[in-house]
K.L.:
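Before I ask anything, let me first share the structure, which is written out below as structure tokens.
Order of the sequence lines fixes the chain letters, A, B, ..., with proteins taken first and strands second; residue numbering starts at 1 for each chain.
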2 protein chains.
Amino acid sequence: MNVVEKLRNVNLRPTKQRILLAKQILDGKNKHFTAETIQKEVLSNGQSISLATIYNCLNKFVSVGLLKQIDQQGEVTIFDTNVSHHHHFLNQNTGELIDIDPDEIGFSKLPDIPNGFESDGVEVLIKIKE
Amino acid sequence: MNVVEKLRNVNLRPTKQRILLAKQILDGKNKHFTAETIQKEVLSNGQSISLATIYNCLNKFVSVGLLKQIDQQGEVTIFDTNVSHHHHFLNQNTGELIDIDPDEIGFSKLPDIPNGFESDGVEVLIKIKE
DNA sequence: TCAACAGGTTAGAATAATTCTAAACTAGAT
DNA sequence: ATCTAGTTTAGAATTATTCTAACCTGTTGA
């Protein structure tokens with residue numbers, strides 16, 4: 001399925017810029033990127049697109065499920081007086097965090113740590129809504 | 001242990017502002033807050049402190065372990081072409097994310113969802129370093 | 001006790017990510 | 001071909017956070 005069809009499938013008008021972005025992004029491989037890195041890629045291909053459009057498009061793509069946005073618990077830094085290792089519920093309605101004691105969560109399986117690395121902690125975020 | 005002692009314990013000079021903040025924050029209860037909410041609290045108590053100082057202090061408190069900073073994977077929004085449910089390694093050296101297949105992780109225990117809420121997904125972040 | 005200075009505080013400027021605005025453009029329906 | 005609603009854009013606006021540079025204050029040691 002080409003990108004124009006993909007865009008039509010989700011009721012997005014296949015404009016030049018959306019096609020450009022979709023070609024960069026939706027090539028079947030799993031990728032992580034930011035608005036900036038995408039713009040660099042596009043520019044280095046000799047084409048051009050404004051950052052505002054990239055944000056517009058990526059947000060649209062997310063809202064129709066073509067992309068996912070990695071959880072960043074909002075834009076402000078949240079501090080926690082609980083300095084011991086623990087996990088969180090995230091109330092999606094309010095953005096509020098609730099602590100979860102580490103022994104409330106147990107793992108029956110964890111992936112191998114990539115070669116040359118060591119684990120530096122496991123954080124679980126359970127998203128909840130009303 | 002009073003807040004002045006707590007500050008001395010971690011080699012931070014107990015200045016007026018740090019004492020003020022420590023009293024607000026380190027009262028033994030677990031709390032989540034932002035620089036802004038702390039400033040509001042202080043101001044509504046009739047006292048005053050600049051936002052820059054709050055950031056300075058909170059960051060110092062974090063660096064000495066009095067506080068924890070909730071993981072926000074950096075300040076830029078990261079998008080992911082993998083829209084299916086999955087988890088991530090976070091390479092702390094570079095900020096890079098690596099996908100983890102959901103069946104690479106299993107739970108033997110999960111906490112009860114708070115009353116009136118339903119789960120809306122569980123995200124695991126495994127922090128790794130070289 | 002107090003001078004001296006290293007470290008802390010501050011207002012306001014700077015930075016950076018993201019969104020908004022309003023004017024110009026364009027895909028798709030007629 | 002034309003019209004219109006939806007898009008794109010440059011640049012301004014916004015927001016969180018850090019930086020700057022001048023001023024202030026704990027602490028040390030004489």
K.L.:
Is there a residue in residues 11-23 of chain A whose heavy atoms reach under 4.0 Å of DNA chain D, and which residues are they?
P.N.:
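Heavy-atom cutoff 4.0 Å gives A:Arg13, A:Thr15, A:Gln17, A:Arg18.
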K.L.:
Mind calculating the distance between CG (B:Leu7) and P (C:dT9) to the nearest angstrom?
P.N.:
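Spelled out: CG on B:Leu7 to P on C:dT9 is 10 Å.
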K.L.:
Check whether any side-chain nitrogen or oxygen of B:Asn56 sits under 4.0 Å from OP1 or OP2 of D:dT17, and answer yes or no.
P.N.:
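No.
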K.L.:
Can you give each donor-acceptor pair under 3.5 Å made by side-chain atoms of residues 53-60 of chain A, sequence neighbours left out, with the distance rounded to 0.1 Å?
P.N.:
| from | atom 1 | to | atom 2 | distance (Å) |
| --- | --- | --- | --- | --- |
| A:Thr53 | OG1 | A:Ser50 | OG | 3.0 |
| A:Asn59 | ND2 | A:Tyr55 | O | 3.2 |

K.L.:
By ring pair (Phe, Tyr, Trp, His ring centres under 6.0 Å), which residues pair with B:His86, not counting sequence neighbours?
P.N.:
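Result, ring pair (Phe, Tyr, Trp, His ring centres under 6.0 Å) vs B:His86: B:His88.
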K.L.:
Flag the pair B:Leu125 / A:Leu125 as yes when at least one side-chain heavy-atom distance between them is below 4.5 Å, and no otherwise.
P.N.:
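Result no, sub-4.5 Å side-chain heavy-atom pair not found.
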K.L.:
What integer distance in Å separates B:Gln69:CD from D:dA16:P?
P.N.:
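After rounding, the reported distance stands at 15 Å.
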K.L.:
What is the separation between atom CD1 on A:Ile38 and atom P on C:dA17, rounded to the nearest whole Å?
P.N.:
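Rounded to whole Å, this separation is 15 Å.
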K.L.:
Kindly state each residue pair satisfying salt bridge (Lys or Arg N to Asp or Glu O under 4.0 Å) with at least one member in residues 87-115 of chain B, sequence neighbours excluded.
P.N.:
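Residue pairs with at least one partner in residues 87-115 of chain B: there are none.
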K.L.:
In whole angstroms, how far is the C1' atom of C:dA17 from the CZ atom of B:Phe79?
P.N.:
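Going from B:Phe79 (CZ) to C:dA17 (C1'), I get 11 Å.
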K.L.:
The side chain of A:Ser50 is closest to which nucleotide in this list: C:dG28, D:dA10, C:dT18?
P.N.:
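The nucleotide sitting nearest to the side chain is D:dA10.
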K.L.:
So, the side chain of B:Thr81 versus the backbone of A:Leu26: is there a donor-acceptor pair under 3.5 Å, distance only?
P.N.:
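The answer is no, because no donor-acceptor pair under 3.5 Å joins these two groups.
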K.L.:
Can you check whether B:Ile38 reaches B:Leu21 side chain to side chain, under 4.5 Å on heavy atoms?
P.N.:
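In short, these two side chains touch, coming nearer than 4.5 Å.
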K.L.:
I want to check something: taking the side chain as every heavy atom from C-beta on, are A:Asp80 and B:Leu67 in contact at a cut-off of under 4.5 Å?
P.N.:
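Answer no - side chains too far apart.
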K.L.:
Rounded to the Å, how far apart are A:Leu58 CG and C:dT19 C1'?
P.N.:
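So the CG-C1' distance, A:Leu58 to C:dT19, works out to 14 Å.
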K.L.:
How many whole angstroms separate atom CG of A:Asn59 from atom P of D:dT7?
P.N.:
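Computing the A:Asn59:CG to D:dT7:P distance gives 13 Å.
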K.L.:
Other hydrophobic cluster members with A:Val124, side-chain heavy atoms of Ile/Leu/Val/Met/Phe/Trp/Tyr under 4.5 Å, chained?
P.N.:
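So far as hydrophobic clustering goes, A:Val124 is joined with A:Phe89, A:Ile98, A:Ile100, A:Ile105, A:Phe107, A:Leu110, A:Ile113, A:Phe117, A:Val122, A:Ile126, A:Ile128, B:Phe89, B:Ile98, B:Ile100, B:Ile105, B:Phe107, B:Leu110, B:Ile113, B:Phe117, B:Val122, B:Val124, B:Ile126, B:Ile128.
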K.L.:
Calculate the interatomic distance between A:Glu36 atom CD and C:dT15 atom P; express it in whole Å.
P.N.:
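Answer to the nearest Å: 15 Å.
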K.L.:
Taking C-beta and beyond as the side chain, do A:Asn2 and A:Glu5 meet within less than 4.5 Å on heavy atoms?
P.N.:
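Side-chain contact under 4.5 Å: yes.
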K.L.:
Both B:Leu51 and B:Arg8 contact DNA chain D. Taking the nearest nucleotide for each, which residue is further toward the 5' end?
P.N.:
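First, find each residue's nearest nucleotide; the 5'-ward one identifies B:Leu51.
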K.L.:
Please report, rounded to the nearest Å, how far the P atom of C:dA17 is from the CD1 atom of A:Ile54.
P.N.:
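Computing the A:Ile54:CD1 to C:dA17:P distance gives 13 Å.
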K.L.:
Would you say A:Thr34 reaches C:dA17's phosphate, i.e. side-chain N/O to OP1/OP2 under 4.0 Å?
P.N.:
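So the side-chain polar atoms of A:Thr34 never come under 4.0 Å of the phosphate oxygens OP1 or OP2 of C:dA17.
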K.L.:
Report all interatomic pairs (protein N or O, nucleotide N or O of nucleotides 1-3 of chain D) with separations under 3.5 Å.
P.N.:
none

K.L.:
Between D:dT9, D:dT17, C:dG12, which one does the side chain of A:Ile49 approach most closely?
P.N.:
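The listed nucleotide nearest to A:Ile49's side chain is D:dT9.
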K.L.:
Of all the nucleotides listed (C:dT18, D:dT8, D:dA10), which has the minimum atom distance to the side chain of A:Thr53?
P.N.:
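So the side chain of A:Thr53 is nearest to D:dT8.
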